[in-house]
Amino acid sequence: MKSTEAYEELQRLTKKLKLSSISELEELGEDIYDEPINFFKNIDNIEVYEDTSDLDEYGRRLIDRLNIDIADEIKNYINYEAYADDYLEKTKKCYVCKYGNLYIYPAEEQ
């Protein structure tokens, strides 16, 4: 999604919520709005993993990138989801699973 498309999507969201501007959406301070606002602010930094619908699949991709030969007998005992969750926490990133894809983006600095 291009930045202009993301901005337009955020504008549509504010209209649906009957708000007059995106800044008004930010001023609400509600946790449910923080995630989409942060997502659109970081639209240029989003990593898209197609055909990756959850953290388990993402964890498998992360471990595959390490190029480690893991015996088949051991693979069933690896908690790929926990590995991916730890990785995202350490790298300060958030994620959204939507439409069969995984979207990873930088977490907003507190």
Side-chain angles (χ1 to χ4, degrees):
M1 182 180 294
K2 296 180 182 175
S3 296
T4 54
E5 292 171 343
Y7 184 76
E8 289 169 3
E9 182 64 27
L10 194 52
Q11 284 181 319
R12 282 191 288 276
L13 176 62
T14 58
K15 287 177 185 174
K16 281 184 180 180
L17 295 170
K18 296 184 171 105
L19 301 172
S20 60
S21 68
I22 293 172
S23 60
E24 191 175 336
L25 177 65
E26 291 176 320
E27 289 170 12
L28 287 174
E30 299 284 334
D31 289 341
I32 60 169
Y33 302 116
D34 290 344
E35 196 80 15
I37 289 170
N38 190 29
F39 184 85
F40 286 109
K41 281 183 178 177
N42 288 293
I43 199 74
D44 293 328
N45 299 319
I46 294 174
E47 303 168 42
V48 179
Y49 294 87
E50 294 180 358
D51 301 322
T52 304
S53 60
D54 59 26
L55 286 184
D56 182 77
E57 290 178 29
Y58 180 60
R60 290 174 191 275
R61 284 182 163 209
L62 289 172
I63 289 176
D64 284 346
R65 273 199 248 161
L66 297 174
N67 292 323
I68 299 172
D69 189 25
I70 300 172
D72 290 336
E73 301 84 31
I74 296 173
K75 289 181 181 180
N76 290 334
Y77 297 97
I78 297 173
N79 188 339
Y80 295 99
E81 182 178 353
Y83 181 76
D85 195 44
D86 287 349
Y87 173 81
L88 292 172
E89 187 176 322
K90 287 177 185 171
T91 58
K92 295 184 177 155
K93 295 185 178 179
C94 301
Y95 72 95
V96 175
C97 294
K98 200 94 168 162
Y99 311 114
N101 297 321
L102 179 70
Y103 303 87
I104 297 175
Y105 56 99
E108 189 170 40
E109 296 295 324
Q110 301 294 338

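Fair warning: this is a prediction, and the values are worked out from it, not measured in the lab. The analysis underlying the following values was restricted to heavy atoms, covering all of them including side chains, and did not include hydrogens, waters or symmetry mates.
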Any side-chain heavy-atom pair of L88 and L55 under 4.5 Å: yes
Heavy-atom pair of closest approach, residues D51 and E57: O-OE1, 3.0 Å
Considering all heavy atoms, the nearest G59-Y83 contact: O-CD2, 4.2 Å
Side-chain heavy-atom pair T52, R61 within 4.5 angstrom cut-off: yes
Interatomic spacing from CG in D85 to NZ in K90 - rounded to 0.5 Å: 11.0 Å
Can you give me every donor-acceptor pair (side chain of residues 68-82, partner residue at least two apart or in another chain, under 3.5 Å) with its distance?
from, atom 1, to, atom 2, distance (Å)
N79, OD1, E81, N, 3.4
N79, OD1, A82, N, 3.0

Side-chain ion pair, R60 and D64, N-O less than 4.0 Å: no
Heavy atoms of other groups near E89 CD, more than 12 under 6.0 Å: no
